[in-house]
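Here the structure is laid out as structure tokens; the discussion comes afterwards.
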Amino acid sequence: MLDMRYLRKNSEEAKQRLRDRGVEAETLDQLLTLDQARRDTIQRVENLKAQRNEVSDKIAYAKRQKEDASDAIAQMQQVGSDIKALDAKQAELDEQVNEIAAHLPNLAASEVPVGPDESANVEQRKWAPAHYDNRPEALVKTDWVKAHYDIGEALGILDFERGAKVSGARFLYYVGDGARLERAVYNFMLDEHRKEGYTEMITPIVVNDSAMFGTGQYPKFQDDAYRVAGLDQTYIPTAEVPLTNYYSGETLPAEDLPIKFTALSPSFRKEAGSAGKDTRGLIRLHQFNKVEMVKFTKPEQSYDELEAMTANAENILQKLALPYHVILLSTGDMGFSAAKTYDVEVWMPQQNVYREISSVSNTEDFQARRMHITYRDENNKLQLVHTLNGSGLAVGRTVAAILENYQNQDGSVTIPDVLRPYMGGQEKLEAKSHY
RNA sequence: GGAGCUAUGGCACAAUCUGGUACUGCAACGGACUCGAAAUCCGUCGAGCCGCUUUUGGCGGUGUGCGGGUUCAAAUCCCGCUAGCUCCUCCA
């Protein structure tokens, strides 16, 4: 949610910044007109209420003195019905204002490149382990490189067919060493984040509507959510929702900030509108595992913490020796709640592209305002915290990247060094006759 | 799933039957006493939200779990809901 006072006072600037986020200027004009009408109504109804309070006190006093108050009561009957009518009008205006305000995306930070879509994103840095000679393209020059889903199926560790049979398209079973590898990957990630000072959590994976509103998924993006039939609850699209809403409605002790959480959770997405895209493999599923990071910070420290969180995501890829680059998203490519977002993209040699494996965002006070998370500053005044979230990392996509980058010509896959302790010292994935 | 009870400031509670300025204590804050502290005494104390404003502040509105209703007036009466507790039932 944006700060209404800012929008009123700086409407021209706000209009431009909203236009950068794809919102038409008329939308803000409409909002401000309704806001003005709302405030006019409030003033009228509050005057009447002040009058009612005053006269009611007099009536109470008169009754205590056993005096007659029927004149005053008759007079207040009219005021009472006027108040009722104006209250109703205000409630209607409140709803109209909220309807627009709740759909406005966050404003981008000043250093975010302005552009309509991903074409305006800006690469920040590139990394690859030494044996790639800083040229991840090197691997693709061999003609035997296979896609991760072909590798996984050949090894018998990814079963998409039975996933589709039992659940539908975009679901799968991990089998045997595949399941073990997935578990090794997320245990490794959680251990790393724990070392970095994140508190490990296991969260509910079903949340109520106010939680989905708090982080910004609702009301605008309900189509992509798995709602529990008949209940006002939703299967989470990311652990960001339960982690960030953990403190909703609370005032945090300033000395505890920044607070850092991490959690593994399944994530559920309908992927509405992406029919036909990435139909094979681990890239775009209705259910996938993700290790998430969330931070609550003071405003002045949130951008340093954004850099730190991005480094936490990169650290995982560096320890896994997977090539990646980091891009700064443009105003047109950022998510609804974000003020600034870095995407980390891992090298996928078979497709010859970088694929998103993490997205790290500072939402500033956008989510905190929606869910009322505050702290007391040096002057003992309540301030909204800043919230950040980032994947650290998408587990399934990490497994896909490992399969492709660590594949050998004989069809086996070498297990990255750092994962071997998590797999009982196993060094390779090889085809087995059966599991 | 069934039955009963409960929900009031940061905490503990009163007022609910019988509608009329939400009691008191603790904590907190300011002050007195003291070399300093404790104790004691005096004073302040409804968080948050909304609106207006001449903005270190002032005024008004709202605010007794949430949402409605009745009434000149609701903590109090009525309806719906949520959460917690106890018992029954079920369950990994």
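Just so it is clear, the values below take in all heavy atoms, side chains as well, and ignore hydrogens, waters and symmetry mates. Numbered from 1 within each chain, the chains take letters A, B, ... in sequence-line order.
The same atom, C1', is picked in B:G9 and in B:A47; the two are 7 Å apart, to the nearest Å. Nucleotides B:A28 and B:C11 have their C1' atoms positioned 11 Å apart, rounded to a whole Å. Atom name P, nucleotides B:U76 and B:U64: the rounded distance is 9 Å, in whole Å. B:A12 and B:U6 have their C1' atoms separated by 16 Å, with the value rounded to a whole Å. When the P atom is compared between B:A73 and B:G51, the two are found 25 Å apart, to the nearest whole Å. Between the C1' atoms of B:C78 and B:U21, the separation comes to 25 Å (whole Å). Rounded to the nearest Å, the gap between the C1' atom of B:C85 and that of B:C29 is 36 Å. B:A74 and B:G65 have their P atoms separated by 15 Å, given to the nearest Å.
For A:I42 and B:U62, the CD1 to P distance is 12 Å, given to the nearest whole Å. Atom P of nucleotide B:G48 and atom CD of A:Q383 are separated by 12 Å, given to the nearest angstrom. Taking atom CG of A:D82 as the reference point, atom P of B:C72 lies 13 Å away to the nearest angstrom. One atom, CD of A:Q78, and another, C1' of B:U71, lie 16 Å apart when rounded to the nearest Å. Rounded to whole Å, atom C1' of B:U62 lies 15 Å from atom CG of A:L48. Atom CZ of A:R5 is separated from atom C1' of B:C52 by 12 Å (rounded to the nearest Å). Regarding A:L86, its CG atom lies at a distance of 17 Å from the P atom of B:G51, rounded to whole Å. Taking atom NZ of residue A:K9 and atom C1' of nucleotide B:U53, one finds them 12 Å apart after rounding to whole Å.
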Problem set entry | Worked verdict on A:D87 versus A:K84 for salt bridge (Lys or Arg N to Asp or Glu O under 4.0 Å) | CA-CA 5 Å; A:D87 268 345; A:K84 200 174 213 180; over 6 Å; no
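Taking side-chain N and O atoms only, A:N47 has no distance below 4.0 Å to OP1 or OP2 of B:G51. Residue A:N53 has no polar side-chain atom (N or O) positioned under 4.0 Å from OP1 or OP2 of B:A73. Taking only side-chain nitrogens and oxygens, A:R39 never comes nearer than 4.0 Å to OP1 or OP2 of B:U53.
Side-chain atoms of A:R269 do not come within 3.5 Å of backbone N or O of A:A225 as any donor-acceptor pair.
When both pairing distances are held under 3.5 Å, B:C81 makes a Watson-Crick or G-U pair with B:G65. Taking a pair to require two hydrogen-bonding distances under 3.5 Å in either a Watson-Crick or a G-U wobble arrangement, B:A28 pairs with B:U44. Base-pair partner of B:C33: not found among the strands shown (Watson-Crick or G-U wobble, both distances under 3.5 Å). Base pairing analysis places B:C72 opposite B:G20; the two distances defining the Watson-Crick or G-U wobble pair are each below 3.5 Å. Base pairing analysis places B:C59 opposite B:G51; the two distances defining the Watson-Crick or G-U wobble pair are each below 3.5 Å.
Residue-to-nucleotide proximity on RNA chain B shows that, of A:R376 and A:R38, the 5′-proximal contact is made by A:R376. Each of A:R52 and A:Q43 was matched to the nucleotide of RNA chain B holding its nearest heavy atom; the match closer to the 5' end belongs to A:Q43.
The base of B:G60 sits with one of its N or O atoms less than 3.5 Å from a complementary donor or acceptor on the side chain of A:E46.
Annotation: A:E24, atom CD; neighbour count of heavy atoms from other residues, nucleotides and ligands within 6.0 Å does not exceed 12.
As judged by a 4.0 angstrom heavy-atom cut-off over every strand, A:K58 is placed among residues making no nucleic acid contact. At a threshold of 4.0 angstrom between heavy atoms, the contacts of A:K63 include nucleobase atoms, whether or not backbone atoms are also involved. Across all strands, A:R8 comes closer than 4.0 Å only to sugar-phosphate atoms, never to a base (heavy-atom distances). Among the heavy atoms of the strands lying under 4.0 Å from A:A50 are primed sugar atoms or P, OP1, OP2 only; no base atom is included. A:I59 comes within 4.0 angstrom of a base, heavy atoms only. Across all strands shown, A:R44 has no heavy atoms under 4.0 Å from either base or sugar-phosphate atoms.
Using modelled atom types, one finds no donor on one side chain facing an acceptor on the other under 3.5 Å when comparing A:T238 with A:S267. A side-chain donor-acceptor contact under 3.5 Å links A:Q36 and A:R39.
If you check B:U62, B:C50, B:G20 against the side chain of A:A60, the one that comes closest is B:G20. Of the candidate nucleotides B:G48, B:C72, B:U70, B:C72 has the atom nearest to the side chain of A:M76.
The closest side-chain heavy-atom distance from A:S330 to A:E118 is not below 4.5 Å.
In this structure, A:L403 CG and A:I151 CD1 are separated by 5.5 Å, a value rounded to the nearest 0.5 Å.
Salt bridge status for A:D150 with A:K146: absent, with no side-chain N to carboxylate O gap under 4.0 Å.
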